Amino acid sequence: MRIEPQDQAVLDHVAAQGDAIVARTIDWANINSGSRNAAGLARMLDVLEAQARRLPDAAVERLATQGATTVADNGAVIPASYADALKIGIRPEAPIQVILTGHYDTVFPADSAFQTVETRPDGALNGPGVADMKGGISVMLAALEAFETHPDKARVGWTVLLSPDEEIGSPASAPLLAELGARGHVGLTYEPALSDGTLAGERKGSGNFHLIVTGKAAHAGRAFHEGANAVAGAAMIAARLHGLNGQREGVTVNVAKIAGGGPLNVVADNAVVRFNVRVPDAQASAWIDETVRAIAAEPPFPGLTLDLHGGMTRAPKPMDASQTALFHAVRDTGELLGQTIAWKPSGGVCEGNNLHAAGLPNVDTLGVVGGEIHSDQEFAWPASFVERAQLSALILCKIASGEIDALKLKQLRLETM
C-alpha cells in the first residue's frame, strides 16, 4: 500500500480540521452525560444530532432503545427506560458496509465534582469524557467527513451508531449493535487507545449480576431466632462467589456491592449482592454462568429466598483469523502515516465485543490517545486527535480501494462462528 494523491487530499482535509476536532470535544465534555443523567443525555444527543446533520448527504435518525429492568438496593425490581441512540448513515446499497460505533454516555453522574475540561501544564486535556469517548466521537466524525471527499467513496456505505448506555453494559442498545454487526463487513469503534497509542486486541467477556436475597424481619432482641437475616446470607454468598477466583484460568469474580438491611435492632429481611465476572473464552463463560446460577439456587441457610437477575452481557472477543488480518491491515495503514500500531490483550470490554459476537471483525480502540479513564484524572493528548482521525480516514480509503479486503475479512469471521 501507499498513499495515493486522492488519499492525501483526504488526509489534508482532516489536518485542516485539527483545531475544530479538539474544540468540539471540549464543548461536548463540558456537558455532563452520565449514563443515568437523562437531562444531560438529552442535551448531548441534541448536540450530536446537529453535528451529524452537517455531514453531506447523510441520513440521520434517532432510534428508540429497548427498555429493561433494574434492581434497587432494597431488592425491588423496577422498569428502566433509556435515551435514544443516534444513527447516521450513507449508501446502504454499496457493496461494502462499514459499521462505526461509539457511546455518548460517561461514567460521571450529574452530581460529580468532575464536570469541566482543563488543560494540564504538560498540554494534555483533563476532563470527563475527553478520551472516553467524546474525543473518539469527534475523531470518527472528522474521518467520515474527510472520506466523503474521496473519489472511490461510492464503493463504501457506512453506518454510525452512537449509544447512550455503553458504560452500564449496553442493556438498551445491544439489539441495535447486534443488527448492525450482522450486516456489516468491518467495524470501527472509538474507545480510547492506551496512553502509548497501543490498541486493545483480544478482549475478555463480561457479565453483570444482581442477586436479591429475601429473608424475614424480626426483633433483634426479643425474636432473633424467628427471623432470617438477609444481609448475613448475602455476605455468605459473596464469600462463595469470591471463592470462585482462581478456580479457572482467566476467570475473575468481583463482588462490587452488598446493599440492604436497616436499623440495628431489626433482623434484615432484604439484601442485594452485585457482582461482575470476566471470562477469557466461550467455555469459561458457560462455566461461570452455570456456577453462578448453582450458587443462586442454594440459600446458605433456611428462611432465605434468592432471585438472580442479569447475566453475561458481552461475549469474549478473541484474536481469531479475521481479527488478526484486520489488525495487520491497520498496522500497515498506520505505517504509511508514520504511526506505530501495536496491540495487546485487554480485560476490559466494549461495543467491539457485541459487534464481534454478531459476526463483525472490528478494531475498537481507534479513539484518541489518553488514559486514566473512569477517574477525575482522565486525559487525552490534543496532538492525537488529528493523528487518529487520519488513521481512520486512511483505513476507509484503503477499504474503498480494495487494498483492505473487507469482504474477505467478513468471510474469515463467518468461518469461525
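Since this is a predicted model, take the numbers as computed values, not measurements. Along the sequence shown, residues are numbered consecutively beginning with 1.
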Main-chain N/O of [Y] paired to [X] side chain as donor or acceptor, under 3.5 Å:
X: E378; Y: G371; value: no
X: T116; Y: N30; value: no
X: Q390; Y: L11; value: yes
X: N37; Y: G40; value: yes
X: N229; Y: A217; value: no
X: K134; Y: I31; value: yes

Examine the side chains of [X] and [Y] and answer whether a donor and an acceptor come within less than 3.5 Å of each other.
X: S401; Y: R155; value: no
X: N245; Y: T252; value: no
X: H356; Y: N354; value: no
X: N276; Y: N208; value: yes
X: Q17; Y: H13; value: yes

Is it the case that more than 12 heavy atoms not belonging to [X] sit under 6.0 Å from its [atom1] atom?
X: R43; atom1: CZ; value: no
X: D19; atom1: CG; value: no
X: H242; atom1: NE2; value: no

Aromatic ring proximity, centroids under 6.0 angstrom, W343 and H328: yes
Classify the angle between the aromatic ring planes of W381 and F379 as parallel (below 30°), tilted (30 to 60°) or perpendicular (above 60°). perpendicular
For a side chain to side chain contact (heavy atoms under 4.5 Å, CB included) check, start with the C-alpha distance between L125 and F385, then their side-chain angles and the critical distance, and finish with the verdict. CA-CA 11 Å; L125 299 175; F385 285 63; 4.3 Å; yes
Quiz: residues 86-111 side-chain donor-acceptor pairs under 3.5 angstrom, not counting sequence neighbours:
| residue | atom | partner | partner atom | Å |
| --- | --- | --- | --- | --- |
| R91 | NE | K153 | O | 3.0 |
| R91 | NE | V156 | O | 2.8 |
| R91 | NH1 | E148 | OE1 | 3.0 |
| R91 | NH2 | E148 | OE2 | 2.7 |
| R91 | NH2 | K153 | O | 3.3 |
| R91 | NH2 | V156 | O | 3.2 |
| Q97 | NE2 | R91 | O | 3.0 |
| Q97 | NE2 | P92 | O | 3.3 |
| Q97 | NE2 | A94 | O | 3.1 |
| T101 | OG1 | T189 | OG1 | 2.8 |
| T101 | OG1 | E351 | OE1 | 3.0 |
| H103 | ND1 | D105 | O | 2.9 |
| H103 | ND1 | D105 | OD1 | 3.0 |
| H103 | NE2 | D132 | OD1 | 3.2 |
| H103 | NE2 | E166 | OE1 | 3.2 |
| H103 | NE2 | E191 | OE2 | 3.1 |
| Y104 | OH | D84 | O | 2.6 |
| D105 | OD1 | E166 | N | 3.4 |
| D105 | OD2 | S35 | OG | 2.6 |
| D105 | OD2 | E166 | N | 3.3 |
| D105 | OD2 | E167 | N | 3.0 |
| T106 | OG1 | F108 | N | 3.3 |

With the side chain counted from C-beta on, respond yes when [X] and [Y] share a heavy-atom pair under 4.5 Å apart, and no when they do not.
X: I288; Y: L244; answer: yes
X: P192; Y: V369; answer: no
X: V186; Y: N362; answer: no
X: I212; Y: V71; answer: yes
X: V273; Y: L241; answer: yes
X: P361; Y: L412; answer: no
X: L41; Y: Y82; answer: no

Does the ring of F209 carry R274 above it, NZ/CZ under 6.0 angstrom from centre and within 45° of its axis? no
Side-chain polar contacts of residues 136-146 - donor-acceptor pairs under 3.5 angstrom, sequence neighbours left out - could you list them?
| residue | atom | partner | partner atom | Å |
| --- | --- | --- | --- | --- |
| S138 | OG | I21 | O | 2.8 |
| S138 | OG | R24 | NE | 2.7 |
| S138 | OG | T25 | OG1 | 3.4 |

Sequence neighbours excluded, which residues qualify as side chain to side chain donor-acceptor pair (under 3.5 Å) partners of R203? D364
Using the side chain to side chain donor-acceptor pair (under 3.5 Å) criterion, which residues pair with D289? Sequence neighbours excluded. R293
Thinking salt bridges, do R62 and E49 make one under a 4.0 Å N-O criterion? yes
Do K317 and D281 meet the salt-bridge criterion of a basic N to acidic O distance under 4.0 Å? no
Which residue pairs pass the salt bridge (charged side-chain N to carboxylate O under 4.0 Å, His left out) test when at least one of the two sits in residues 393-410, sequence neighbours left out? D7-K398, K398-E403
Salt bridge (charged side-chain N to carboxylate O under 4.0 Å, His left out): which pairs involve residues 231-242, sequence neighbours left out? none
Please determine whether side chain to side chain contact (heavy atoms under 4.5 Å, CB included) holds for the pair M133 and I373, giving the CA-CA distance in whole Å, both sets of side-chain angles, and the decisive distance to 0.1 Å. CA-CA 9 Å; M133 62 178 297; I373 62 173; over 6 Å; no
